[in-house]
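A short worksheet on the structure shown next.
In each ligand, atom 1 is the first atom listed, and ligand 1 is the first ligand listed. For reference, positions follow the sequence shown, starting with 1. Heavy-atom basis, side chains included; hydrogens, waters and symmetry copies ignored.
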Amino acid sequence: MRAIHSIAELRCWRTQARVPLGFVPTMGALHAGHGRLIDEARATCASVAVSIFVNPIQFNASEDYARYPRPLESDLEFCAARGVDMVFAPPLEEMYPQPQNVFVEVGPVADAMEGRFRPGHFRGVATVVLKLFQIVQPDRAYFGEKDAQQLAVIRRMVQDLSVPVEIVRVPTVREPDGLALSSRNRHLSGGERTIAPLLYLALSAAQRSIAAGSRDVEAIKRAALTVFAGDPRVRLEYLEIAGDTDMQPVQSVDGPVRVLAAAWVGGTRLIDNLCATPP
Ligand code: PAF
């Protein structure tokens, strides 16, 4: 496996890479969820590239960019063990040699939920992903369903800007108790870890309510919120029901939808989502 840190070296590597080239963009601190993305790319592409870059322009001022874990050595071992051909791990100056002036302006798909609570986040994500696509020039790129709104933003960007990359959606990987795998889970204390699956349980309650025929979004939300039962250790930021492609919150469930939520468990912000289909 090659580890590459400069764009010039990567462009050289790209000319010799076997095609189709599969690409898994990450911010590192790799776990089994990333492993699933890599496995999926490995199974369907002749070569696999992973990027590891903690992207400052997708963090809000209040978020702790500096606190984001950066275990590069173990991430490289993780990739090598999974049969990755090349890891692109650029330093900050390589990706942003000067202050970024040009950004991808994302539309309404980025307005609600994560977009509301993390202003500018998706602009930063779309910009770095487009930049990485330009550098790596993959045929396919793999994104986890856990970040459903991110996936919708990237799909829309690729369509609207005619980017020649196929976006592949990969299902969320969960712990046995339902907690979605995330690099942030490592920040949970022992006690917080035991209550973190409440987020998944609330989404499951909404999913069951929809499957049972509930259409009224307020009633579905009430069913989901009873799961937290006033537990003060979980601070819900939002729980919304939205269209899977446009990410617009709906008032009534008239077809397949996605139920999405974000909550703080102690000092850690967790997000998760499930799809739900009425009978
Ligand atoms: O999902 C992530 O890890 C990041 O948002 C991404 C897509 C690598 C862009 O920095």
Side-chain angles (χ1 to χ4, degrees), residues 4 7 10 22-38 40-41 48-60 63-72 74-76 78-79 82 84 86-92 94-96 100 103-104 106 109-110 113-115 117-138 140-158 161 163 165-173 180-187 247 260 262 268-273:
I4 292 181
I7 295 172
L10 186 125
F23 178 43
V24 180
T26 82
M27 297 208 298
L30 303 179
H31 51 66
H34 297 108
R36 175 119 192 226
L37 301 177
I38 294 170
E40 199 71 33
V48 176
V50 170
S51 65
I52 298 177
F53 178 66
V54 184
N55 174 37
I57 65 168
Q58 72 186 72
F59 286 79
N60 298 102
E63 285 175 315
D64 204 355
Y65 162 70
R67 183 185 177 220
Y68 204 88
R70 290 166 171 83
L72 184 60
S74 59
D75 282 349
L76 291 176
F78 182 98
C79 290
R82 296 249 175 190
V84 170
M86 188 280 296
V87 173
F88 179 51
L92 187 60
E94 186 72 5
M95 287 297 279
Y96 298 114
Q100 187 79 5
F103 292 85
V104 176
V106 276
V109 66
M113 300 167 296
E114 289 302 288
F117 285 92
R118 303 175 73 190
H121 169 66
F122 286 125
R123 182 185 192 239
V125 169
T127 301
V128 82
V129 168
L130 184 60
K131 207 166 154 101
L132 287 166
F133 283 178
Q134 299 282 63
I135 296 168
V136 178
Q137 298 187 18
R140 300 186 190 124
Y142 296 76
F143 290 87
E145 211 165 55
K146 175 179 165 287
D147 297 301
Q149 195 174 9
Q150 167 171 283
L151 185 60
V153 166
I154 301 297
R155 275 192 193 284
R156 189 61 201 248
M157 174 186 80
V158 161
L161 299 181
V163 181
V165 177
E166 181 192 337
I167 304 302
V168 183
R169 166 198 288 258
V170 180
T172 303
V173 179
L181 295 198
S182 163
S183 307
R184 291 167 191 255
N185 293 355
R186 66 181 69 194
H187 296 309
M247 287 289 143
L260 308 100
T268 306
R269 186 175 185 275
L270 301 177
I271 62 169
D272 200 355
N273 67 86

Under 3.5 Å side-chain donor-acceptor pair for Tyr96 and Asn55 | yes
What protein heavy atom sits nearest atom 5 (O) of ligand 1, and how far off is it?
-> Gln150 OE1, 2.7 Å
Nearest-contact summary for atom 10 (O) of ligand 1 - protein heavy atom, Å | Gln58 OE1, 2.6 Å
Student check: side-chain heavy atoms of Arg269 and Arg118 closer than 4.5 Å = yes
Take atom CZ of Arg156 as the centre, draw a 6.0 Å sphere, and report whether it contains more than 12 heavy atoms from other residues, nucleotides or ligands.
-> no
Output the list of atoms in ligand 1 that are nearer than 4.0 Å to some heavy atom of Thr26, sorted by atom number.
-> 8 (C)
Contact atoms of ligand 1, heavy-atom distance to Val128 under 4.0 Å | 9 (C), 10 (O)
Could you go step by step and tell me if Phe53 and Leu132 meet the side-chain contact (heavy atoms from CB on, under 4.5 Å) rule?
-> CA-CA 10 Å; Phe53 178 66; Leu132 287 166; 5.5 Å; no
